[in-house]
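Written below as structure tokens is the structure these notes are about.
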Amino acid sequence: MLFADADLTLLFYHLLPEKNFQNKVVWITGASSGIGEYLAYSFAKRRAILALSGVNVERLENVKKHCIEIAKCAEENILLVPFEIQNFEIHEACVKKVLDHFGHIDILVNNAGVSQRADFKDIDIEVDLHLFNINVFGMVNLTRKVLGHFLERKKGHVVVTSSTAGKLGAPYSSAYTGSKHALHGYFECLRSEMVEENISVTLVCPGPVFSQITDRCVTAKLGEKYGHTQQTTDKKMATERCSELMVTAIGYKLDECWICIQPLLFIYYLAQYMPSIFRNVLIKLFFNKKTVMKMRQGR
């Protein structure tokens with residue numbers, strides 16, 4: 001446990017033989033950078049067929065090029081579907097584009113998202129709406145559009161990138177934390193409804209990872225940026241390690257997994273299994289604003 005960087009169930013499965021993704025069609029949103037980008041590389045190594053979505057077309061093109069180099073596959077095996085996840089009106093057209101190109105979808109990875117840093121009392125409601133449109137309703141609506149296809153095929157797999165903030169009340173980012181908690185409500189419900197339909201749901205909860213999501217943090221006012229820049233010395237998980245663990249969780253269809261370096265993983269366990277001690281002792285003794293912000297930034 002002292003050296004673990006994921007929950008013990010996931011680490012156990014990570015020791016087992018890799019699952020085969022050859023010729024599986026995997027659609028990843030938020031694939032132009034960070035976790036989504038490295039997930040694309042991890043799936044490419046395993047010969048998956050990829051649909052990649054994001055808003056930065058230039059970066060998506062670079063990711064596609066690298067995936068082709070990794071997989072040594074034909075260009076048509078990597079499809080780019082650039083769009084803004086909060087643009088609900090085009091979701092159906094995007095699903096059609098993937099189906100027209102590949103014929104089917106095996107796995108939908110809902111990974112697009114935006115983060116936030118701000119005090120609860122200062123946040124304009126427009127910020128809450130903005131984050132929920134991207135982090136929650138975009139994922140929910142796209143999943144609903146793909147779900148009909150999964151039900152028709154009588155199989156499918158929905159993956160959701162949540163966060164430690166989806167399990168804990170991460171201070172100074174209430175809109176982000178609320179959006180991640182909401183994902184668990186929506187997709188736990190979906191899991192329950194799909195028990196007899198051969199459709200799996202995997203919720204992935206990463207802690208601090210090297211990812212551009214922190215560089216694009218919003219604040220209490222819509223349009224403002226937090227201004228945080230990552231440093232190579234930050235104490236965060238390597239993006240490649242996170243993506244490899246995620247692929248294991250997806251391959252073995254785990255219901256939920258935690259991916260996080262110490263000491264945050266230990267805090268995870270305390271909050272989950274000793275909630276009263278976590279809230280009444282640990283938070284009161286150690287969680288001041290300066291400490292929390294440094295911890296979240298890996299410093």
Side-chain angles (χ1 to χ4, degrees), residues 1 3-16 18-19 21 26-46 48 50 52-54 59 63 66-67 70 107-115 135 139 157-168 170 173 176 180 183-184 202-217 228 230-269 295-299:
M1 186 65 192
F3 303 101
D5 60 359
D7 68 83
L8 300 183
T9 302
L10 175 54
L11 290 178
F12 168 77
Y13 280 100
H14 199 59
L15 295 173
L16 300 181
E18 287 185 354
K19 286 291 186 177
F21 291 97
V26 182
W27 186 4
I28 306 171
T29 67
S32 60
S33 64
I35 292 172
E37 175 185 353
Y38 278 81
L39 265 179
Y41 302 152
S42 292
F43 278 116
K45 281 197 308 187
R46 293 160 176 85
L50 297 172
L52 305 177
S53 293
R59 286 193 62 87
V63 175
H66 193 38
C67 286
I70 291 170
I107 302 170
L108 171 64
V109 182
N110 289 297
N111 178 71
V114 62
S115 189
N135 291 0
M139 290 190 184
H157 191 174
V158 178
V159 181
V160 178
T161 301
S162 178
S163 166
T164 52
K167 302 293 289 183
L168 312 176
S173 60
Y176 177 75
K180 293 300 184 179
L183 286 176
H184 287 255
T202 296
L203 284 156
V204 182
C205 304
V209 174
F210 281 102
S211 169
Q212 280 75 14
I213 191 171
T214 55
D215 297 338
R216 299 192 302 268
C217 277
H228 167 70
Q230 293 181 107
Q231 298 176 10
T232 55
T233 54
D234 289 348
K235 295 176 182 177
K236 296 183 178 182
M237 178 176 284
T239 324
E240 183 177 4
R241 172 64 175 172
C242 180
S243 70
E244 288 292 303
L245 289 167
M246 284 181 69
V247 167
T248 295
I250 295 166
Y252 281 97
K253 298 183 178 179
L254 302 186
D255 290 339
E256 181 177 296
C257 65
W258 306 344
I259 300 172
C260 191
I261 61 172
Q262 299 290 12
L264 288 178
L265 182 64
F266 179 67
I267 293 172
Y268 237 145
Y269 271 91
M295 187 182 297
R296 296 193 67 190
Q297 292 169 194
R299 294 176 187 169

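For the numbers below, each heavy atom of this structure counts, side chains included, while hydrogens, waters and symmetry mates do not. Small disclaimer: the values here were computed from a predicted structure and weren't measured.
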#### Entry: Between OG1 on residue Thr161 and CG on residue Leu39, distance to nearest 0.5 Å
6.5 Å
### Message
Please check: side-chain N/O of Thr239 versus main-chain N/O of Phe210, any donor-acceptor pairing under 3.5 Å?
### Response
yes
### Message
Would you say that Ile259 contacts Leu10 through its side chain, given a criterion of any heavy-atom pair below 4.5 Å between the two side chains?
### Response
yes
### Message
Using side-chain heavy atoms (C-beta onward) and a distance below 4.5 Å, is Ile28 in contact with Phe43?
### Response
yes
### Summary
Closest non-hydrogen atoms of Gly113 and Asn135, given as atom of the first, atom of the second and distance, are CA-OD1, 3.2 Å
### Task
Check Lys180, Glu256, His184 against Ser162 for a side-chain hydrogen bond (donor to acceptor under 3.5 Å, both in side chains) and give me the one that passes.
His184
### Task
Could you tell me which non-hydrogen atom of Cys67 sits nearest to which non-hydrogen atom of Leu52, and how far apart they are?
SG-CD1, 4.5 Å
### Message
Could you check whether atom OH of Tyr269 has more than 12 heavy atoms from other residues, nucleotides or ligands sitting under 6.0 Å from it?
### Response
yes
### Message
What's the separation between atom CE in Met246 and atom CG in Asn111, rounded to the nearest 0.5 Å?
### Response
6.0 Å
### Summary
Looking only at heavy atoms, the pair that brings Ile107 and Val159 closest together is CG2-CG2, 3.9 Å
### Query
Between Tyr41 and Tyr38, is the ring centre distance below 6.0 Å?
yes
### Task
Would you mind reporting whether Glu18 and Lys45 have side-chain heavy atoms less than 4.5 Å apart?
no
#### Entry: Spacing of CD belonging to Glu240 relative to CG belonging to Leu245, to within rounding of 0.5 Å
11.0 Å
## Note on the structure
Minimal heavy-atom distance between Cys205 and Lys167, with the atoms involved, is SG-CG, 4.0 Å
### Distance in Å, Cys257 SG paired with Leu11 CG, rounded so as to fall on 0.5 Å steps
10.0 Å
#### Entry: Step-by-step side chain to side chain contact (heavy atoms under 4.5 Å, CB included) determination, Ile261 to Met237
CA-CA 6 Å; Ile261 61 172; Met237 178 176 284; 3.9 Å; yes
### Message
Could you tell me if the side chain of Glu37 sits less than 4.5 Å from the side chain of Val63, heavy atoms only?
### Response
yes
### Task
Could you tell me the separation between the CG atom of Leu264 and the CG atom of Asp5, rounded to the nearest 0.5 Å?
12.5 Å
### Summary
Closest non-hydrogen contact found for Phe21 with Gly251 is CZ-CA, 3.5 Å
### Query
Tell me, do Tyr13 and Leu254 make a side-chain contact under 4.5 Å, heavy atoms counted?
yes
### Message
Let me confirm one number: the CG-CG distance from Asp255 to Leu203, rounded to the nearest 0.5 Å.
### Response
8.5 Å
### Message
Side chains of Thr29 and Ser53: any donor to acceptor distance under 3.5 Å?
### Response
no
### Message
Just so I know, are the side chains of Thr202 and Val158 near enough to count as touching, which here means a heavy-atom distance under 4.5 Å?
### Response
no
### Query
Is the Trp258 ring parallel, tilted or perpendicular to the Tyr268 ring (thresholds 30°, 60°)?
parallel
#### Entry: Whether Arg46 side chain and Ser42 backbone form a donor-acceptor pair below 3.5 Å
yes
### Message
If you compare all heavy atoms of Leu50 against all heavy atoms of Ala40, which two are closest, and at what distance to 0.1 Å?
### Response
CD1-O, 3.5 Å
